[in-house]
Number of protein chains: 2
Amino acid sequence: MPELLTAIVDDHPIVIEGLKTLLSHETNLKIIGGFCKGEDFLSYLSGHALDLVLLDVTLPDISGIELCQRIKQISLSTSILILSNHTERSIIMQAIQNGASGYLLKNSSIEELRHCIAEAVKGNICYSKEVMEIISRPSKNELQGVPRLTRREKEILALIAAGKTSQMIGQELFLSPLTVDTHRKNLIQKFGVKNVAELIMAANQQQLL
Amino acid sequence: MPELLTAIVDDHPIVIEGLKTLLSHETNLKIIGGFCKGEDFLSYLSGHALDLVLLDVTLPDISGIELCQRIKQISLSTSILILSNHTERSIIMQAIQNGASGYLLKNSSIEELRHCIAEAVKGNICYSKEVMEIISRPSKNELQGVPRLTRREKEILALIAAGKTSQMIGQELFLSPLTVDTHRKNLIQKFGVKNVAELIMAANQQQLL
DNA sequence: TTTTTTCTACCTGTTTTTAGGTATTTTAAT
DNA sequence: ATTAAAATACCTAAAAACAGGTAGAAAAAA
């Protein structure tokens, strides 16, 4: 049985060290190294074959979700296992949709970790117990998923969150306040909410602010 | 030089493993074990001497902050080093005030970790570079601290966040909508913000929702 | 028991948001 | 080159929020 080339991407050096130690006992895995930054890892991946990558969602440069896509673009055969603290259903679903083979929380047991790795390299999708529960209860406001916002919408959302009125935003972005109102309206519609209060809550839950 | 008896308390088994590995190279430290739960650790501490403890803030049972106090009550000579992801100034300050000898973020380098441990056991207080910066810049909205809200205000804040209008809230709580407006006004004033959008943002940042 | 805080409710008036549209011009994708 | 998406801007009118007060009753603290 050939050794599976494995990398770890996590912004916590301590976690990298921990995973290395834990996985050093797995005879069929060969840890080629740990990366703190997403871009560092991508440039490595461009030049080397890799079977498995353990990925954190929170990284200093790009998000783990985005990294999933990029990894799959470069090397479709590399299995991705997400290791994260994020319990939001939306994030988990996004990860899976972007090509991750599994998702587990950092506080899951070492047994769970081993099990998920074993499944991932077999090509199966595997979640830790807690993650399973999160997936199976689709909480109301997350049902229709994260709305895709345009650049302008994100910009205006941030300014609304900062307490600016449509008029102020208009001045700041050299737009008619009426245009800002339109964007505001679209934001409220996209999120399926009734007013800014709910909008800001939803955007926060979706980690968009 | 006698070995310093050291324990690790963290709800992530992976982090515990990583720290154990990292610190196994330190000849003057003896890791006596890792604990996932605060209470487990406290009951151990009641029966054994300990020189140093590495502590996470987020634990399943009690908070690391509270744990600091309890540790010092049981064993004043035990040095506490906080290892956490929390970058909120308030949390850092609370930890220090409750007897921690240092605070570092989990994504700090392994060198920083070693250095802080060395300082902590010498009896000095030591922060990682990033934490230093956080301490030295009292960010605006944290200056006047978390506003103390009354029961009613918290109740109404939650309903505002749910997208309810003053009228709806009034009906729900059997209050005049004018009363709700007054509470709304007071909330906006207490938080020092201009409108609900900013209010919800602030409340979120302050972990009040 | 007195004092303070919280909760209640109102008034006046202005500003802002929200809901229901329509419509043209850019920009990006096919 | 066409199509689709995004960004721009407008209209009308109602609903809600915001700013600036005042003020009495109830509850909690001193």
Side-chain angles (χ1 to χ4, degrees), chain A residues 66 69-70 72-73 94 97-98 141 144-204 206 208-209, chain B residues 140-141 144-206 208-209:
Chain A
E66 208 185 318
Q69 288 187 308
R70 307 267 304 267
K72 286 292 174 181
Q73 276 166 16
Q94 277 180 77
Q97 275 174 342
N98 286 356
N141 55 356
Q144 65 271 46
V146 180
R148 311 182 321 293
L149 303 185
T150 67
R151 213 173 309 143
R152 237 342 176 217
E153 284 167 349
K154 279 184 208 158
E155 201 175 6
I156 287 171
L157 175 59
L159 292 169
I160 291 173
K164 310 266 174 77
T165 66
S166 291
Q167 264 158 64
M168 295 164 95
I169 296 171
Q171 283 196 305
E172 206 163 319
L173 302 181
F174 306 105
L175 292 176
S176 157
L178 298 166
T179 304
V180 179
D181 268 342
T182 303
H183 286 301
R184 179 195 289 270
K185 206 187 311 180
N186 291 336
L187 279 165
I188 286 177
Q189 207 219 324
K190 278 193 180 180
F191 276 86
V193 295
K194 288 175 289 305
N195 51 34
V196 271
E198 222 182 332
L199 173 68
I200 301 299
M201 273 307 274
N204 263 304
Q206 241 92 71
L208 288 157
L209 283 168
Chain B
K140 297 158 213 159
N141 59 354
Q144 65 272 47
V146 181
R148 312 181 321 292
L149 303 185
T150 66
R151 216 172 307 144
R152 236 344 176 217
E153 283 167 349
K154 278 183 210 158
E155 202 175 3
I156 286 171
L157 174 60
L159 292 170
I160 290 172
K164 310 263 174 80
T165 66
S166 291
Q167 265 157 62
M168 294 163 96
I169 296 172
Q171 282 196 305
E172 208 164 318
L173 302 180
F174 306 105
L175 293 175
S176 156
L178 297 167
T179 304
V180 179
D181 266 340
T182 303
H183 286 302
R184 178 194 292 268
K185 208 187 308 179
N186 291 337
L187 279 165
I188 285 177
Q189 206 217 327
K190 279 194 178 178
F191 277 85
V193 295
K194 289 175 287 308
N195 51 35
V196 272
E198 222 182 331
L199 173 68
I200 301 297
M201 274 307 274
N204 264 305
Q205 272 166 359
Q206 240 94 66
L208 288 159
L209 283 169

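Reminder, nothing fancy here: chain letters follow the sequence lines and each chain counts from 1. The model shown is predicted, which means the values in this text are computed figures rather than measured ones. All values below were derived from every heavy atom in this structure, side-chain atoms included, with hydrogens, water molecules and symmetry-related copies excluded.
Between atom CG of residue B:Leu173 and atom OG1 of residue B:Thr179 there is a gap of 10.5 Å, rounded to the nearest 0.5 Å. Interatomic distance, NE2 of A:His183 versus CG of A:Leu159, reported as 11.5 Å (0.5 Å rounding). From B:Ile169, atom CD1 reaches atom CG of B:Leu175 across 9.5 Å, with rounding to the nearest 0.5 Å.
Scanning DNA chain C 5' to 3' for nucleotides with an atom closer than 4.0 angstrom to a non-hydrogen atom of chain A gives a first and last hit of C:dT16 to C:dG21.
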**Request:** For B:Ile188 and B:Lys185, run side-chain contact (heavy atoms from CB on, under 4.5 Å): C-alpha distance rounded to whole Å, both residues' side-chain angles, the deciding distance at 0.1 Å, then the answer.
**Result:** CA-CA 5 Å; B:Ile188 285 177; B:Lys185 208 187 308 179; 5.9 Å; no
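Residues forming a side-chain contact (heavy atoms from CB on, under 4.5 Å) with B:Leu178 (at least two apart in sequence, or on another chain): B:Ser176. The side-chain contact (heavy atoms from CB on, under 4.5 Å) search around A:Thr182 returns A:Asn186, not counting sequence neighbours.
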For residues 193-204 of chain B, please give each side-chain donor-acceptor pair under 3.5 Å, one per line with the distance, not counting sequence neighbours.
| unit_1 | atom_1 | unit_2 | atom_2 | d |
| --- | --- | --- | --- | --- |
| B:Lys194 | NZ | B:Glu198 | OE1 | 3.0 |
| B:Asn195 | OD1 | B:Ala197 | N | 3.4 |
| B:Asn195 | OD1 | B:Glu198 | N | 3.2 |
| B:Asn195 | ND2 | A:Gly163 | O | 2.9 |
| B:Glu198 | OE1 | B:Lys194 | N | 3.2 |
| B:Asn204 | ND2 | B:Ile200 | O | 3.1 |

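Contact record, A:Glu153 with A:Arg148: OE1-O, 4.3 Å, taken as the closest heavy-atom pair. Looking at every heavy atom in both residues, A:Arg152 comes nearest to A:Glu155 through NH1-OE1, 2.8 Å. A:Asp181 approaches A:Ser166 most closely through the heavy-atom pair OD1-OG, 2.9 Å.
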**Asked** What string of B, S and - do you get for nucleotides 6-23 of chain D, 5' to 3', when a contact is any protein heavy atom under 4.0 Å?
**Response** SSBBB-----SSSSBB--
**Message:** Pairs counted only when both distances fall under 3.5 Å, Watson-Crick or G-U: show me the 5' to 3' dot-bracket for DNA chain C, [ ] for pseudoknotted crossings and | for other-strand partners.
**Reply:** .||||||||||||||||||||||||||||.
